[in-house]
Amino acid sequence: MYRFLLTPRWLAAAALTVVASVVMVMLGNWQLHRYEERTAINDRIDAANTVDAVALTSVLTAPTAAGTPGAAPGKALAWTKVTLSGRYDPANEIQARGRTVGSKVGFEILTPLLLENGTAVLVDRGWVPAPPGGALAAPEVPPAPTGQVTVVGQIHLSESRPAPVDRRDGRLDTRRISLPRLATELPFPVYGAYVLLTEQTPAADPAFVPIPIPHEDSWQNGGYAVQWWIFAGMVFVLYGWQARREALESASGKPSGARPARKADRPRDRVEAADERKASRDRVEEADRRAAASRSATVTADRPESD
């Protein structure tokens, strides 16, 4: 009954079904990996207030030369809680413009923190609103504290798509916080990630608004993984359904896609043919009578009445 499955057409369909299913399973596994990766990031974000901070130098690779940042950490280190100490360098402060917090546009202020070994870490001290003069006007920024400072914050990966860097209002001005681009403007080696400040000793100025950390949409990836796995099973169900359908059609002797014969396709006997011819003549005669009656009525209406 199913010997047709050994024909070239059905063997090719079986091979295509297997390949499609394997590809879909692999896509589902990749989405599962993204779900686990994003879930781990969310866990680090949520745990930042309860876990102890680790030394930044213990998790990030130290830079070796000015003009080139240190090695960029992987996503597995994003939002790790770290601590570091040093002295701020306000002469090379950076303002990242066009940054939105709470639907308002302003600036993020990043100040290099110089460590004892001569390297530096960019510390995002927080957000300040744009002045009334607009996005290109100089913002009001509280000065960085002098002397030794201890910072606690979370690792933020460098942003992609570097933007131009200019000097404006005594600061480096840019749209994107791209460490490879900013490192070329700084006179000391810079780490390959920056730090979002959460605590500082001495205390940070309250004029700064902390930068909110958005959670990753991990459940979206989880949903995609389940969808791909369902699709992988559905291709086998479709293959089996098509095979079963063809087997039943072969057993019944009906060709695939056969349709019931219409009345016009059936052979007619002589009685049916005669009845159809008579019905056709009757329709023609009826039409002739109606036409004659119409002409007679028109002639009568046009004839003048006698006095």
Full working for side chain to side chain contact (heavy atoms under 4.5 Å, CB included) between H33 and N29
CA-CA 6 Å; H33 173 71; N29 291 342; over 6 Å; no
Atom of [X], atom of [Y] and distance for their closest heavy-atom approach:
X    : Y    : value
L114 : A120 : CD2-CB, 3.7 Å
P112 : L122 : CG-CD2, 3.8 Å
G98  : V105 : CA-CG1, 3.7 Å
P202 : P145 : CG-CB, 3.9 Å
T174 : P164 : OG1-O, 3.2 Å
P129 : P139 : O-CB, 4.2 Å

Counting only heavy atoms not in N117, do more than 12 fall under 6.0 Å of its CG?
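For N117, atom CG is crowded (more than 12 foreign heavy atoms under 6.0 Å).
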If you draw a 6.0 Å radius around CD in E140, do more than 12 non-hydrogen atoms from other residues or ligands fall strictly inside?
no
[X] [atom1] to [Y] [atom2] distance, which is reported to the nearest 0.5 Å:
X    : Y    : atom1 : atom2 : value
L196 : I213 : CG    : CD1   : 5.5 Å
L115 : L56  : CG    : CG    : 7.5 Å
E37  : S218 : CD    : OG    : 11.0 Å

Check F236, Y239, W229 against S21 for a side chain to side chain contact (heavy atoms under 4.5 Å, CB included) and give me the one that passes.
F236
Among V209, V101, D124, side chain to side chain contact (heavy atoms under 4.5 Å, CB included) partner for E108:
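Exactly one option meets the side chain to side chain contact (heavy atoms under 4.5 Å, CB included) with E108, and it is D124.
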Could you pull out all residues at least two apart from D205 that satisfy side-chain hydrogen bond (donor to acceptor under 3.5 Å, both in side chains)?
none
Does the side chain of [X] reach to within under 4.5 Å of the side chain of [Y], using non-hydrogen atoms?
X    : Y    : value
W228 : V25  : no
W10  : T7   : yes
I177 : L182 : yes
R176 : R161 : yes
P143 : P90  : no
W127 : R99  : yes
I41  : W79  : yes
N221 : E36  : no

Check step by step if salt bridge (Lys or Arg N to Asp or Glu O under 4.0 Å) holds for E116 and R87.
CA-CA 9 Å; E116 291 182 356; R87 295 175 179 271; over 6 Å; no
Is there a donor-acceptor contact under 3.5 Å from the side chain of [X] to the main chain of [Y]?
X    : Y    : answer
T83  : V151 : yes
S158 : L179 : yes
E199 : V152 : no
R44  : A76  : yes
T184 : R181 : yes
K81  : V51  : yes

By side chain to side chain contact (heavy atoms under 4.5 Å, CB included), which residues pair with [X], not counting sequence neighbours?
X    : value
R167 : N92, L172
Y224 : Q31, Q220, Q227
V54  : S58, V59, T80, V82

Identify whether [X] and [Y] are in the same connected component of the hydrophobic contact network (ILVMFWY, side-chain heavy atoms under 4.5 Å).
X    : Y    : value
F231 : M26  : yes
L27  : V22  : yes
V235 : V18  : yes
L113 : Y191 : yes
F188 : V165 : yes

Checking side chain to side chain contact (heavy atoms under 4.5 Å, CB included) for the pair W241/L238: CA distance, chi angles, key distance, verdict?
CA-CA 5 Å; W241 179 80; L238 179 61; 4.3 Å; yes
Only counting residues at least two apart or in another chain, list the ones meeting salt bridge (charged side-chain N to carboxylate O under 4.0 Å, His left out) with E93.
R125, R171
Give me each pair satisfying side-chain hydrogen bond (donor to acceptor under 3.5 Å, both in side chains) with a member in residues 142-157, each pair once, sequence neighbours excluded.
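Output for this query lists S85-T150, H156-Y194.
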Report the C-alpha distance between I109 and I94 in whole Å, list the side-chain angles of each, state the deciding distance to 0.1 Å, and finish with yes or no for side chain to side chain contact (heavy atoms under 4.5 Å, CB included).
CA-CA 6 Å; I109 306 300; I94 301 163; over 6 Å; no
Pair L197-Q200, side chain to side chain contact (heavy atoms under 4.5 Å, CB included): steps then yes or no
CA-CA 7 Å; L197 187 149; Q200 180 180 279; 3.1 Å; yes
Carboxylate-amine/guanidinium proximity below 4.0 Å for D217 and R38:
no
